[in-house]
Amino acid sequence: MTTTLRPHDLIWLTAGDALEGITESWVDAAWHTGLPVVVRRDVDNEGRIPVGVRGLRRNQRAAGWVKPENVLRVVSPEELSVAADLLRSPFVTQPPVQVALQLAQQSWPWTWGITGSTGYALATGIPVIHADSDLDLLIRAPRTVSPEAFTDWQAQLSRALCRADTQVDTPEGGFALAEWLRDGKTLLKTQCGPRLVADPWHREE
């Protein structure tokens, strides 16, 4: 596939042995090619894609690598936030999906999507969410967005039916929106590790 993969994209692989560099023993029992892995932030000298595997329990997370030619299918967080699809979801009555649906029925000046356990459930149909689950959201922000522009978004999430956290994805990396709005600076997750920055859109030396 020639699709440009980005962090948080879910990808399905062509074969079980396409997953490289995994040392955790639970992966053999918990993962198979019918389940996606998630693209993470890292760099590989061989050009492989950095991925994470999720198990059945919260503490089961494993980091590995995949060659691009072994990617069979890609689902982005944005594809999971379509209102019509959320309405048809078997999880539509769950609080995280209800909150996502409310957001999806409005117009926003950015592209956004659903990640985390809710995104995984929507993409796979596997019931990994419940009434107490959080909603993890992603905003794609290729250009600078002012803190004030996020006011309505944050206000809605602050009174939502469940805890909701937003990661903002910039060309430099990803950051937690709530932390940046609260502190005026944030830990920016980059391919080379986290950096404390005030402006997540510009490289700070």
Side-chain angles (χ1 to χ4, degrees), residues 5-12 35-41 52-61 73-170 173-184 186-189 200:
L5 295 171
R6 298 183 291 184
H8 304 288
D9 283 349
L10 292 171
I11 58 176
W12 281 255
L35 299 175
V37 295
V38 63
V39 179
R40 58 186 176 85
R41 292 184 200 280
V53 185
R54 66 179 296 145
L56 300 175
R57 296 199 296 271
R58 284 187 72 119
N59 63 342
Q60 289 183 327
R61 300 290 185 270
R73 176 182 169 224
V74 182
V75 172
S76 69
E78 297 93 306
E79 291 175 71
L80 300 173
S81 63
V82 178
D85 295 337
L86 292 171
L87 280 168
R88 286 195 296 266
S89 166
F91 310 114
V92 69
T93 59
Q94 296 285 8
V97 180
Q98 283 284 305
V99 176
L101 183 57
Q102 289 169 2
L103 294 170
Q105 290 170 329
Q106 299 167 69
S107 178
W108 300 99
W110 46 67
T111 302
W112 67 278
I114 303 168
T115 64
S117 58
T118 305
Y120 192 88
L122 291 169
T124 63
I126 298 171
V128 292
I129 55 173
H130 47 78
D132 297 324
S133 292
D134 296 348
L135 173 61
D136 294 304
L137 298 162
L138 177 73
I139 288 176
R140 304 280 191 195
R143 288 176 293 281
T144 301
V145 181
S146 71
E148 295 75 26
F150 290 113
T151 301
D152 288 348
W153 177 273
Q154 277 301 96
Q156 287 200 39
L157 296 186
S158 70
R159 56 178 185 266
L161 292 169
C162 67
R163 177 183 166 87
D165 292 309
T166 307
Q167 282 271 320
V168 180
D169 195 53
T170 81
F175 69 92
L177 178 59
E179 179 185 60
W180 183 59
L181 294 177
R182 184 188 67 227
D183 301 338
T186 184
L187 271 181
L188 184 70
K189 298 175 186 173

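All values reported here derive from a predicted model rather than from experimental measurement.
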* Asked: Is there a side-chain contact (heavy atoms from CB on, under 4.5 Å) between Ile139 and Phe150 once you walk through the steps?
  -> CA-CA 10 Å; Ile139 288 176; Phe150 290 113; 3.8 Å; yes
* To do: Count the heavy atoms of every other residue, nucleotide or ligand shown that sit under 6.0 Å from CZ of Arg61, and state whether that count exceeds 12.
  => yes
* Min side-chain heavy-atom separation Leu80-Thr115 under 4.5 Å -> no
* Rounded to the nearest 0.5 Å, how far does CG of Leu188 lie from CZ of Phe175? -> 8.0 Å
* **Student check: side-chain heavy atoms of Pro127 and Gln94 closer than 4.5 Å** => no
* **Test item: Leu10 and Glu79 side chains (from C-beta on) under 4.5 Å apart, heavy atoms** => no
* With a 4.5 Å heavy-atom cut-off, do Leu181 and Gln154 have their side chains touching? -> yes
* Asked: So, do Val97 and Thr118 sit near enough that their side-chain heavy atoms are less than 4.5 Å apart?
  -> yes
* With side chains defined as the heavy atoms from C-beta onward, is the minimum distance between Ser117 and Arg54 less than 4.5 Å? -> yes
* Asked: Just one of Leu135, Val99, Asp136, Leu138 clears the side chain to side chain contact (heavy atoms under 4.5 Å, CB included) bar with Ile114, so which one?
  -> Leu135
* Asked: Are any non-hydrogen side-chain atoms of Leu122 and Ile129 less than 4.5 angstrom apart?
  -> no
* **Stepwise side-chain contact (heavy atoms from CB on, under 4.5 Å) check, Val39 with His8** => CA-CA 5 Å; Val39 179; His8 304 288; over 6 Å; no
* Asked: Between Ser133 and Cys162, which heavy-atom pair has the shortest distance, and what is it?
  -> O-CB, 3.6 Å
* Supply the atom-to-atom distance Ile126 CD1 to Phe91 CZ, rounded to the nearest 0.5 angstrom. => 8.5 Å
* Structure fact -> In short, Ser146 meets Trp180 closest at the heavy-atom pair C-CH2, 4.4 Å
* Which atom names give the shortest non-hydrogen contact between Leu187 and Glu179, and what distance separates them? -> N-OE1, 3.1 Å
* Asked: At what distance, to the nearest 0.5 angstrom, does CG of Asp9 lie from CZ of Arg73?
  -> 12.0 Å
* Structure fact -> CH2 (Trp108) and CG (Asp152) are apart, to the nearest 0.5 Å, by 6.0 Å
* Under the criterion side chain to side chain contact (heavy atoms under 4.5 Å, CB included), which of Leu177, Val145, Leu137 is the partner of Val168? -> Leu177
* Asked: Looking at CD of Gln156 and CD of Gln102, how far apart are the two atoms once the value is rounded to the nearest 0.5 Å?
  -> 7.0 Å
* Over all atoms of both residues, closest heavy-atom pair of Gln167 and Gly174 -> OE1-C, 3.8 Å
* Flag the pair Ser81 / Leu103 as yes when at least one side-chain heavy-atom distance between them is below 4.5 Å, and no otherwise. => no
